[in-house]
Amino acid sequence: MKIYNTLSKRKEDFIPLEEGKVKMYVCGPTVYNLIHIGNARPMIVFDTVRRYMEYKGLEVNFVSNFTDVDDKIIKKAVEEGVEAAVISERYIAECKKDMAAMNVRPATTHPKATEEICGMLEMIGTLIEKGHAYAAPDGTVYFRTRNFAEYGKLSHKNLDDLQGGNRSLLVSGEDQKEDALDFVLWKPKKEGEPYWESPWCNGRPGWHIECSVMSKKYLGDKIDIHAGGEDLVFPHHENEIAQSEAANGKEFAKYWMHNAFLNIDNKKMSKSAGNFFTVRDISEKYDLQVLRFFMLSAHYRSPLNFSAELMEAAQNGYDRIVNSVSNLNYLLENVTSDTISETETALLKEAEGFTAKFEEAMDDDFNTADAIAAIFELVKFVNSNTDGEKSAVFLKALKDQIVKLSDICGLLVEKKTEDLDVDIEELIAARQAARKEKNFARADEIRDELLRKGIILEDTREGVKWKRV
RNA sequence: GGCGCCAUAGCCAAGUGGUAAGGCAAAGGUCUGCAACACCUCUAUCACCAGUUCAAAUCUGGUUGGCGCCUCCA
């Protein structure tokens with residue numbers, strides 16, 4: 001299994017620190033609103049990485065945080081006149097609903113920043129002791145960036161380029177820094193903000209320290225994979241490395257994975273540009289499985305464009321897989337043979353090739369676009385090689401194969417079987433009778449009536465199939 | 001100003017040295033009372049220029065056109 005490592009800028013063989021186990025940390029959302037479809041990309045991508053690793057027999061300890069103390073949360077709390085925790089708890093709950101609908105599995109642990117303040121105070125203390133951080137007179141604690149020799153190794157920047165960046169860095173408190181590149185570990189509270197006591201001042205943590213601390217607490221000083229959106233490479237992840245490695249004296253993470261951005265109609269999504277969609281918005285029009293399928297249709301390191309047309313195409317593509325499984329289920333319900341023939345055995349062997357192709361794609365830095373192509377090839381193979389004459393063993397094996405590969409991608413392609421109401425069953429039977437008498441007007445009338453009730457009929461060679469709109 | 005990425009059919013998207021996967025859409029056909037599903041057929045020399053090589057979408061240099069990070073941001 002190869003993974004592209006941002007640190008080395010190349011694909012590397014994935015070798016877990018501990019055989020058979022993976023320690024993985026993914027930077028989670030700041031919970032001040034419903035999550036947007038940009039937030040959804042890393043969730044879906046890294047959930048898929050996790051699922052594939054588990055499929056390969058690895059035990060994945062997957063940690064993803066909720067940042068629940070932040071300026072935007074506080075601002076929203078002030079606007080609504082409630083405690084910050086009311087806002088963060090509300091949106092954590094909403095986020096979990098969206099994740100469930102996208103079939104993103106809950107992390108092994110979902111730590112919250114506000115519950116890890118103790119660990120942050122401890123790490124900041126260690127950094128000060130070791131000379132990597134200092135407290136300014138007003139109680140702000142800064143990280144001494146130039147004291148960490150490897151600073152810039154992830155984003156491949158050097159400090160002098162950064163400093164020469166000609167931008168005005170003089171925001172408030174800037175003058176008390178030893179160096180313009182030093183970043184905040186702890187900052188004093190402002191009036192009305194939530195705060196915690198500390199040796200330096202009553203205040204709250206800077207943005208970067210939380211991930212260093214949560215990763216250390218739940219996974220250990222050194223982990224296998226640290227992941228997130230590409231915008232986090234600098235400064236967030238660069239700063240995490242500086243803090244963790246300076247404090248722990250060990251390499252922080254072996255592999256760094258970053259997903260590319262999602263654009264809307266070829267532009268960066270932003271509220272001001274008016275092209276901003278929450279996952280909830282999309283769920284009103286589409287099953288979020290379609291969103292997931294869409295996200296996986298491109299490689300995670302390629303920028304992906306989002307538009308209404310592309311979602312339609314994704315809907316149709318996803319339906320093709322669902323249809324194939326639904327056909328297999330229909331055949332299985334009406335199966336007549338349960339002994340597998342020699343031809344069938346040979347076909348199953350051939351079908352294994354698609355699983356091999358799928359794995360080859362996923363082993364190559366999680367090439368989901370290629371992996372999904374393998375699923376489509378399997379779908380075509382299934383559609384071309386199954387009919388009412390085939391045995392139950394054969395059909396079941398093929399169905400399991402499609403469902404399994406789709407499941408690795410987190411795609412649910414098997415609709416739950418449900419029983420129809422008796423009156424609907426009777427209408428379908430009545431239509432069949434009408435068709436037999438060649439009374440097609442009556443047959444079509446019944447079909448329209450069922451459509452109004454949300455049932456779509458399809459007359460296949462093997463009989464009448466139905467599905468929900 | 002510094003660092004970096006991308007450019008493959010109408011659309012989306014794999015392919016990083018051996019002669020272009022897959023999906024969507026469109027068209028024609030088979031099946032079917034019709035529709036739907038499915039199946040078959042059909043669609044590209046890979047932005048442009050030069051070079052390396054027996055061989056390049058794939059390597060090198062250049063041109064053009066997009067984009068990202070350097071600031072809260074997935």
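Because only heavy atoms are used, hydrogens play no part in the values below, and waters and symmetry mates are left out as well, while side chains stay in. Lettering follows sequence order; numbering is per chain, from 1.
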Problem set entry | Pairing nucleotide - rG18(B), Watson-Crick or G-U, each distance under 3.5 Å | rC54(B)
Problem set entry | Base partner of rU41(B), which must satisfy Watson-Crick or wobble distances under 3.5 Å | rA27(B)
Can you measure [X] atom [atom1] to [N] atom [atom2] for me and round it to whole angstrom units?
| X | N | atom1 | atom2 | answer |
| --- | --- | --- | --- | --- |
| K357(A) | rG15(B) | NZ | P | 11 Å |
| F366(A) | rG15(B) | CZ | C1' | 19 Å |
| N239(A) | rC70(B) | CG | P | 12 Å |
| I321(A) | rG23(B) | CD1 | C1' | 9 Å |
| Y151(A) | rC70(B) | OH | C1' | 10 Å |
| F261(A) | rC72(B) | CZ | P | 13 Å |

For this session: Specify the residue among N383(A) and A314(A) whose closest nucleotide of RNA chain B lies further upstream toward the 5′ end.
Result: A314(A)
Exercise. Given that N367(A) and A441(A) both sit by RNA chain B, which one's nearest nucleotide is further toward the 5' end?
Worked result: N367(A)
Look at all strands and tell whether [X] reaches a base, only sugar-phosphate, or nothing, counting heavy atoms closer than 4.0 Å.
| X | value |
| --- | --- |
| I375(A) | nothing |
| R442(A) | nothing |
| N327(A) | sugar-phosphate |
| A373(A) | base |
| S297(A) | sugar-phosphate |
| F376(A) | sugar-phosphate |
| E309(A) | nothing |

For a quick check, tell me whether the side chain of [X] and the base of [N] share a donor-acceptor pair closer than 3.5 Å.
| X | N | result |
| --- | --- | --- |
| D459(A) | rC34(B) | yes |
| R301(A) | rC5(B) | no |
| D444(A) | rG33(B) | yes |
| H36(A) | rA74(B) | yes |

State plainly whether the residues [X] and [Y] are in salt-bridge range, i.e. N to O under 4.0 Å.
| X | Y | value |
| --- | --- | --- |
| R431(A) | D459(A) | yes |
| E79(A) | K75(A) | yes |
| E238(A) | K157(A) | no |

Exercise. Heavy-atom distance under 4.5 Å between the side chains of T67(A) and V31(A), does that happen here?
Worked result: no
Exercise. Looking at N259(A), N367(A), D365(A), which one forms a side chain to side chain donor-acceptor pair (under 3.5 Å) with R301(A)?
Worked result: D365(A)
Exercise. Angle class for the W256(A)/H258(A) ring planes (parallel below 30°, perpendicular above 60°, tilted otherwise)?
Worked result: parallel
Exercise. Would one find a side-chain N or O of W207(A) under 4.0 angstrom from OP1 or OP2 of rC73(B)?
Worked result: yes
Problem set entry | Any S302(A) side-chain N or O less than 4.0 Å from OP1/OP2 of rA14(B) | yes
Exercise. In terms of side-chain heavy atoms of S384(A), which of rC40(B), rG23(B), rA74(B) is nearest?
Worked result: rC40(B)
